[in-house]
Every structure is written in C-alpha cells, then in structure tokens.
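Chain naming here is simple, since letters A, B, ... match the order of the sequence lines and numbering starts at 1 in each.
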Amino acid sequence: MNPCPQEVRAVKFVLNSDVVVTESPALLAASELLRSLGVFSVRETCGVGVCGTCTINVDGVAVSACLTPVFRLDGTSVVTSEGLGGPKGELHPIHEAFLAEQAFQCSFCTPGFVLATHALLSDVASPNESDIEDYLSGHICRCGSYANIRNAVLRASRLRHLSDQA
Amino acid sequence: MKATRSPSRSEARATLDSDGVLTIHTSSVEMGQGARTILLQIGAEVMGADPASVIISMPDTDTTPYDMSTSSSRTTHSMGIAVERAVSEVRRQLVEAAANLNEISSSDLAVDSGHIIIPDTNVAVSFREVMQATGLPRLDGGATYENPGYLNPDTGLGLASSHWHQAAAYAEVEVDDETGKVRVLSCHASVFAGRVVNPVLAELQVQGSMVLGIGQALFEDIVFDLGYIANANLSEYPLPGYGDLAEEMSVSLLEDLRLGEFHGVGETGVPPVVAAIGNAVTQAIGHPVKKLPITPESVLAIIDVLGKERTR
C-alpha cells in the first residue's frame with residue numbers, strides 16, 4: 001500500500017551485500033537515505049530524473065534514486081558503483097575501463113555512467129552504437145567526455161568477453 | 001579568437017625539502033580539467049624529477065600563493081609559466097649547491113630523474129643526498145607571471161590582453177525542413193595549444209569544448225520571467241546528451257615547439273564550434289540565423305518567411 005505523507009516505515013534491503021535495516025520517512029528520496037548511509041557515489045543533481053547522476057541499480061534495474069521513495073527499496077537488493085567491485089575495494093572491469101580510457105574529467109557523472117554501462121552490458125553482450133545511445137542517453141556529462149565514455153563502454157564489453165572466456 | 005582574463009596574475013612557489021621531495025604550492029583549483037596533473041608534470045620536467053616523487057598542494061589561500069582565478073582557460077598558460085619559473089629557481093639553487101659540494105662549476109652538472117649527474121665520473125647523486133650534504137632544511141623558489149591588458153573605458157582603445165587563444169572549427173549539419181530540428185552530422189575543432197603538456201587531457205578538453213559548443217548553438221538558453229530565471233533545472237535547460245552528439249567528432253591540437261609557450265585549451269574551442277554550426281545552418285536553409293540557440297521553432301520561422309516570400 002502506498003504510504004501517507006509523513007508516514008515513517010521500517011525498511012529492510014540489501015545494499016552492496018550489506019543488509020540495511022532502518023526506519024525512514026517512507027516518501028523520502030532514496031538518494032537522501034543512501035547519502036545518510038555514506039554512499040557518496042549516488043549524487044543528486046536535478047532531482048527530477050533527467051540527469052542520471054543519482055542512478056542506482058534496484059533488483060537489476062537502473063533507476064534514478066531521486067525519484068525512488070525509500071519504501072520502494074524494502075525487500076530489494078540495491079547496488080551502487082561502490083558495490084560493483086570486490087569486497088576489498090577491487091575495481092570492476094567497468095571501473096577499469098573508465099580509468100583506462102580517461103572517460104571523465106570532473107567525474108561527478110561517472111558512477112551513473114558506470115551503472116548505465118553495467119545495465120547495458122547485462123542486457124546486451126556486444127552493444128552497437130544505437131544500444132549505447134539507448135542506455136546512456138539518460139545521463140549528462142557536462143564536461144563533454146562522451147567520446148571517451150563510449151570508448152570505455154566498448155573496452156568494458158571486450159574485457160567482459162575476456163573474463164567470460166577465462 | 002578569445003582573450004584570457006586580463007590583467008591577471010598567477011604566483012607559484014616551489015620547495016625542495018631535505019628528503020629531496022619537490023612540492024609545488026599553487027592556488028589553482030582542480031575541477032576535473034587536469035590542473036593538478038599538468039602543473040605537476042611541468043614542475044617534474046623542469047626539475048628533472050620523477051613525477052611520482054613530486055607533491056602538488058591543494059589550494060589554500062592561507063598558505064598557497066596568489067592566483068587571480070581558475071578560469072578563462074588561463075591555468076596552463078599563466079600558472080604553468082609561474083610554476084616553470086619557480087621550479088627553475090629551485091633547480092638552479094640545487095645544482096649550485098651540488099656544484100659547491102663537489103667543487104666544480106654548476107654548468108658542468110646535469111639533472112636526470114631525481115639525480116644530479118656529475119660529469120666524467122658519471123656518478124649520480126640523488127636530490128636527497130645533495131640536500132642532506134648541504135644540511136639546509138629546504139630550498140625555496142617563488143615566481144610570478146602576469147598577463148597585462150587594459151582598455152580605456154572612454155575610448156575602448158588599448159591592449160585588451162597580452163594572451164589570445166586561437167581555434168577554428170568545422171561543422172556539417174542536417175536541417176529537417178518539416179520540424180526545424182538541426183542535427184550536427186560531423187564536427188571538427190582545431191585548437192592552437194602552443195606546447196601540449198598532456199595530450200590525453202588536452203584532447204579531452206577540446207572534445208568537451210565541442211559538446212559545450214553544440215549545446216550553446218542548439219539548446220542552451222537562460223529564460224527570464226520578471227527578472228527571475230524561469231528554467232533553472234536540467235528539465236527546462238537542456239544540455240547535450242549522448243544522442244545529441246555529431247556522428248563524427250574529431251579534434252586537432254596545433255603546436256609550435258619553437259615558441260614553446262603553453263596555451264590554454266579549456267574553452268578555446270567553444271566559440272568557433274558555435275559559429276561553425278550557425279554558418280552551416282545558414283547555408284542549409286539559405287538565410288542567416290542571427291539568434292542563439294538555433295531552436296527548431298526559430299528555424300521553422302525562418303523557413304516559413306522564406307516560403308511566403310517565394311510564393312508571393
């Protein structure tokens with residue numbers, strides 16, 4: 001049932017392999033809760049779901065955390081850029097690809113692009129130009145590093161093929 | 001062509017501590033453009049030090065020297081030259097100290113990856129060893145670089161700036177004459193960089209300039225309503241996204257190594273990209289576009305007027 005305004009609810013969800021049990025205003029934006037939990041890769045910018053910087057992965061689907069009320073997280077598994085890598089801070093191949101291609105300048109948008117790339121490569125193993133456009137169009141890079149981001153996506157898809165073969 | 005902010009001044013300080021580590025003190029702000037990386041590279045190269053052993057300070061106006069601003073594509077040029085000069089001064093002091101210790105002329109000494117090379121014997125002494133032998137706590141060098149410029153407010157005459165950024169751009173566009181939508185098919189920006197410090201970052205900056213240029217040419221417009229900004233969010237102030245880019249985008253960085261001067265490339269490519277897109281649309285519809293951004297509505301309005309003139 002949808003909560004009333006001001007309603008506080010208990011929510012339980014998995015955040016990057018840790019279980020989070022908390023009480024929170026049910027209609028609070030997930031980006032606010034995650035920030036209070038110290039997840040700084042989820043960065044709210046526009047607050048209306050058009051820029052992609054607060055992207056999170058909820059049960060395998062990339063969504064804008066600024067438009068996701070906290071009660072929607074109950075019972076889900078949430079993955080952020082921090083959670084893609086290994087438990088000791090090892091980087092995910094997508095992180096590696098973004099570094100290798102210098103796919104950022106200020107890097108504010110990077111965690112969102114990383115999760116968009118993850119969603120893309122989960123759905124399409126060898127993306128073509130129009131697949132990349134489909135999955136990345138909801139993300140804005142104000143530094144304009146799109147060309148290198150594209151190269152990073154292609155590199156990540158190649159790295160994935162290599163790790164699949166191994 | 002675009003001027004850098006003038007008059008303006010950048011100051012830098014360099015210190016070599018007794019452990020042989022070079023620190024560059026600068027107030028330039030890193031915002032993703034790569035200022036810290038390239039200032040460190042410039043310092044390491046001038047010093048003859050291993051870049052991994054060079055420290056670059058964070059800006060702190062309590063302790064780091066004055067810089068007018070991190071803006072107008074001026075950091076690599078102004079702060080770069082100030083760092084170059086400050087580090088040269090430290091290097092001169094170090095070489096002189098090493099020469100005195102070895103009782104030879106400082107002009108005989110060479111410097112290579114953190115070591116002073118003594119000729120003939122080919123002995124390499126590390127910066128640290130030289131510093132320990134001198135017993136000095138640190139060597140210190142400071143330098144200032146100024147860009148003069150002043151226009152008389154009454155006559156508008158004078159030297160606007162001592163430093164100018166040069167760039168050129170090419171754009172090919174497609175205009176939908178039913179919807180008025182402009183699509184950039186290909187875009188090339190060419191920027192005079194003087195001497196490139198870091199090719200990867202410099203190229204990325206010009207790529208970014210092209211994206212900024214596409215945005216200014218086609219989308220970005222601050223709308224005021226009774227003095228208030230009416231479109232202060234990204235839902236009403238569209239920025240170029242992945243799908244708005246040209247299919248072909250390329251950049252070239254022109255160098256003049258005889259001149260050897262650093263040129264800023266941060267926003268240098270933006271103005272010509274905007275103009276090139278405007279000129280391409282003008283050519284496509286056969287009438288000049290005089291207002292930015294070139295929205296579908298404004299293109300359709302021009303096409304409508306042209307159509308009516310033709311049927312009259």
Side-chain angles (χ1 to χ4, degrees), chain A residues 31 43-55 62 64 66-67 97-117 119-120 127-155, chain B residues 29-38 70 75 183-184 186-189 198-220 231-251 265-270 273-274:
Chain A
S31 48
R43 298 158 177 177
E44 185 178 317
T45 302
C46 67
V48 293
V50 299
C51 73
T53 53
C54 69
T55 300
S64 292
C66 69
L67 297 183
F98 271 69
L99 281 172
E101 295 290 345
Q102 185 74 45
F104 48 82
Q105 291 182 61
C106 81
S107 77
F108 195 81
C109 68
T110 309
F113 272 102
V114 164
L115 286 177
T117 306
L120 165 64
N128 60 27
E129 198 52 48
S130 94
D131 298 324
I132 298 177
E133 190 180 324
D134 275 356
Y135 278 78
L136 300 192
S137 280
H139 295 257
I140 288 170
C141 170
R142 188 38 160 166
C143 301
S145 308
Y146 294 109
N148 290 17
I149 291 172
R150 174 181 166 277
N151 293 341
V153 172
L154 295 172
R155 177 185 280 260
Chain B
V29 181
E30 176 60 64
M31 50 187 105
Q33 82 280 43
R36 286 170 63 78
T37 307
I38 60 105
T70 307
T75 299
R183 189 171 166 76
V184 184
S186 70
C187 190
H188 180 84
N198 185 315
V200 174
L201 292 176
E203 196 172 300
L204 195 50
Q205 292 250 278
V206 185
Q207 290 275 3
S209 295
M210 271 193 291
V211 177
L212 295 182
I214 290 175
Q216 286 190 11
L218 301 181
F219 311 122
E220 296 177 40
N231 60 340
N233 201 354
L234 297 171
S235 43
E236 292 92 33
Y237 184 92
L239 300 180
Y242 197 91
D244 301 312
L245 307 181
E247 278 149 37
E248 281 172 49
M249 291 174 77
S250 52
V251 309
V265 299
E267 299 161 320
T268 305
V270 180
V273 167
V274 181

> Does any backbone or side-chain atom of M249(B) lie under 4.5 Å from a heavy atom of chain A? Answer side chain, backbone, both or neither.
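Neither the backbone nor the side chain of M249(B) comes within 4.5 Å of chain A.
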> What pairs with E220(B) under salt bridge (charged side-chain N to carboxylate O under 4.0 Å, His left out), at least two apart in sequence or on another chain?
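For E220(B) the salt bridge (charged side-chain N to carboxylate O under 4.0 Å, His left out) partners, ignoring immediate neighbours, are R142(A).
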> Looking only at heavy atoms, which two atoms of Y242(B) and E133(A) are closest? And how far apart?
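Shortest heavy-atom separation between Y242(B) and E133(A) comes out as CD2-CA, 3.7 Å.
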> Chain B heavy atoms under 4.5 Å from C46(A): which part of the residue, side chain, backbone, both or neither?
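For C46(A), the contact with chain B is made by backbone and side chain together.
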> Considering only heavy atoms, which portion of F104(A) lies under 4.5 Å from any heavy atom of chain B: side chain, backbone, both, or neither?
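It is the backbone, since no side chain atom gets that close.
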> How about E248(B): does its CD atom have over 12 heavy atoms from other parts shown lying under 6.0 Å from it?
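Count not over threshold, so no.
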> Using heavy-atom distances under 4.5 Å, tell me whether I214(B) contacts chain A through its side chain, its backbone, both, or neither.
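Neither part.
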> Distance check, rounded to the nearest 0.5 Å: Q207(B) atom CD versus C143(A) atom SG?
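Separation between the atoms: 13.0 Å.
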> Could you tell me which non-hydrogen atom of G243(B) sits nearest to which non-hydrogen atom of S137(A), and how far apart they are?
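For G243(B) and S137(A), the tightest heavy-atom pair comes out as N-OG, 3.9 Å.
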> Could I get the full list of side-chain hydrogen bond (donor to acceptor under 3.5 Å, both in side chains) partners for Q105(A), not counting sequence neighbours?
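Q105(A): side-chain hydrogen bond (donor to acceptor under 3.5 Å, both in side chains) contacts with S145(A), Q205(B).
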> Pick one of side chain, backbone, both or neither for L136(A), based on which atoms fall under 4.5 Å of a heavy atom in chain B.
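Backbone plus side chain of L136(A), per the 4.5 Å heavy-atom cut-off to chain B.
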> Is it true that a side-chain atom of Y146(A) and a backbone atom of V211(B) form a donor plus acceptor pair closer than 3.5 Å?
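Side chain of Y146(A) to backbone of V211(B): no pair is present.
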> Hey, what do you get for CG (L239(B)) to SG (C141(A)), rounding to the nearest 0.5 Å?
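With rounding to 0.5 Å, CG (L239(B)) is 10.0 Å from SG (C141(A)).
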> When L234(B) is tested against each of T53(A), V48(A), V50(A) for side chain to side chain contact (heavy atoms under 4.5 Å, CB included), which residue passes?
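Passing option: V50(A).
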